[in-house]
Protein chains: 2
Amino acid sequence: MIPLAYALLGLLARAPASGYDLIREMEEPIGFFWHARRSQIYPELARLEEAGFVAHTVVEQQERPDKKVFAITDAGRAALAAWAAEPMRIPPERDEFMLKVFSLWLADPPSALTLIRSYASQHAERLARYEAIRATMERNAAAGELRRLHSPRFASYATLLRGIEYERGYVAWCQWLIETIEADDSGEPE
Amino acid sequence: MIPLAYALLGLLARAPASGYDLIREMEEPIGFFWHARRSQIYPELARLEEAGFVAHTVVEQQERPDKKVFAITDAGRAALAAWAAEPMRIPPERDEFMLKVFSLWLADPPSALTLIRSYASQHAERLARYEAIRATMERNAAAGELRRLHSPRFASYATLLRGIEYERGYVAWCQWLIETIEADDSGEPE
DNA sequence: TAAGTCATGTAAAAAGTTACATGATTCT
DNA sequence: AGAATCATGTAACTTTTTACATGACTTA
């Protein structure tokens with residue numbers, strides 16, 4: 001099974017949902033660390049159902065299209081729990097921005113600065129968004145809930161803290177890069 | 001063109017190389033932020049040649065198989081420089097470990113700790129490796145070289161510093177997670 | 001003698017993205 | 001009147017991974 005399958009199971013382990021719901025949850029909160037389009041989600045849900053890890057019931061609605069609400073099965077929950085605890089190797093890193101930086105010595109300083117500033121501001125925006133979510137979570141959490149492994153909210157909170165760390169680090173590094181390039185008074189290439 | 005194409009151009013902009021050389025350079029240093037197998041590299045090189053961004057000459061060798069040495073063309077260098085400075089949106093994040101953490105509330109504390117400790121030690125190992133490379137780079141660099149945008153070594157150094165930040169952040173977060181789970185004296189799920 | 005390095009590829013399968021396809025209701 | 005939301009999918013294409021394929025020389 002591909003990671004997407006476990007992403008979907010991870011959401012359904014918290015609450016039943018339709019494909020449409022899952023697509024939105026795939027943007028937030030799963031989108032902070034995984035991504036999929038609906039053209040991948042619908043077939044994957046069908047595969048999970050065939051494997052017996054989820055089951056759906058059709059919910060008829062007035063004034064809205066009918067929907068299929070999926071729920072995780074015991075087998076699905078067991079498969080998810082087993083996968084979650086299974087140790088893993090670090091997968092290959094992929095950061096297209098680093099690829100740009102690797103060849104940025106070919107660019108002139110103003111273009112390089114524009115690139116980096118634009119990227120830094122996107123990361124700063126994300127950081128602000130994550131911090132806001134964090135504040136909300138901390139406000140709404142029951143006492144100790146965000147410190148207990150068996151709580152799904154703790155799990156979400158943990159991933160959010162990692163996201164905050166990540167964005168902070170990225171922004172700080174961009175800042176360093178910008179300052180270094182601004183301080184560079186040597187000529188341009190060629 | 002896919003990012004891999006620019007990864008290859010980025011390497012060839014520094015020095016001509018054979019496909020085989022590029023495969024090794026794809027592990028280090030590009031491997032720190034991009035990844036590809038040889039089955040993707042050879043065809044991509046052919047595509048770059050067809051597009052006129054690289055050109056090869058066959059170098060005959062005694063006691064070793066002949067090799068094709070690729071060099072970047074002016075058109076290739078121009079395409080690379082343009083791409084490198086082009087602003088980009090943050091691409092979708094993908095972190096399978098976070099996906100596990102998201103569902104880790106289903107696991108028992110000992111299994112969860114084993115998972116996290118294993119992952120943390122892998123990141124700590126990488127951090128140590130990066131720090132070692134950093135020390136070597138700083139020792140071998142000419143004065144100011146690592147602070148000048150137009151130097152390819154500066155570009156490599158910048159990506160390395162980001163890698164160090166990243167690994168440090170990951171290790172620190174793992175540590176926090178481990179401590180939090182160890183401090184959790186509430187019961188197990190179910 | 002077995003494993004590792006140098007050297008270059010192809011084929012098939014899986015995963016992921018983009019584009020196509022439809023239609024009612026609700027909000028601006 | 002037009003855009004957004006609810007709701008579910010398929011088709012075609014691109015990207016990436018895994019497996020197949022070969023062969024000489026060097027090091028342990």
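Throughout, a chain's letter reflects where its sequence line sits, starting with A, and its residues are numbered from 1. All values reported here derive from a predicted model rather than from experimental measurement.
Looking at which nucleotide of DNA chain D each of A/S39 and A/D66 is closest to, the 5′-most match is held by A/D66. Toward the 5′ end of DNA chain C lies the nearest nucleotide of A/R38, the other residue of the pair A/R64 and A/R38 mapping further downstream.
The interatomic distance linking B/E96 (CD) with C/dA15 (P) rounds to 12 Å, in whole Å. Between the CG atom of A/L8 and the C1' atom of C/dA15 there is a distance of 14 Å, given to the nearest Å. If you measure from atom CZ of B/R24 to atom P of C/dA7, you get 7 Å, rounded to the nearest angstrom. Rounded to whole Å, the distance from CD1 on B/I23 to P on C/dT8 is 7 Å. Look at CG on B/L22: it is 15 Å from C1' on C/dG9, rounded to the nearest Å. To the nearest angstrom, P of D/dA7 lies 13 Å from CD of A/E25. One interatomic measurement links the two molecules: OH of B/Y42 to C1' of D/dC20, which rounds to 15 Å at whole-angstrom precision. Between the CD atom of B/E60 and the P atom of C/dT8 there is a distance of 13 Å, rounded to whole Å.
Using a 4.5 Å heavy-atom cutoff, the side chains of A/R129 and A/F32 are in contact.
Taking the ring centre of B/Y157 as origin, the terminal cationic atom of B/R134 falls outside the region bounded by 6.0 Å and 45° from the ring axis.
The side chain of B/K68 approaches C/dT8 more closely than any other nucleotide in the set D/dC6, D/dT18, C/dT8. Here the side chain of A/R94 is nearest to one of D/dA7, C/dG9, D/dT17, namely D/dT17. In this structure, of C/dT8, D/dG23, D/dT15, it is D/dT15 that holds the atom nearest to the side chain of B/Q40. Relative to the side chain of B/K67, the nucleotides C/dT25, D/dT16, C/dA7 differ in distance, and C/dA7 lies closest. Listed nucleotides: D/dT8, C/dA15, D/dT17. Nearest to the side chain of A/I2: C/dA15. Among the nucleotides D/dT16, D/dA19, C/dT26, the one closest to any side-chain atom of A/E63 is C/dT26.
Using a 4.0 Å cut-off between charged nitrogen and carboxylate oxygen, A/R14 and A/E25 do not count as a salt-bridge pair. Between B/R168 and B/E165 there is no salt bridge, since no side-chain nitrogen of the basic residue lies less than 4.0 Å from a carboxylate oxygen of the acidic one.
With hydrogens and angles left out, the side chain of A/S18 and the base of D/dT8 share no donor-acceptor pair within 3.5 Å.
Taking only side-chain nitrogens and oxygens, B/Y20 never comes nearer than 4.0 Å to OP1 or OP2 of C/dT8. Close to D/dA7, at under 4.0 Å from its OP1 or OP2, lies a side-chain N or O of A/Q61.
Around CZ of A/R153, the count of heavy atoms belonging to other residues, nucleotides or ligands within 6.0 Å does not exceed 12.
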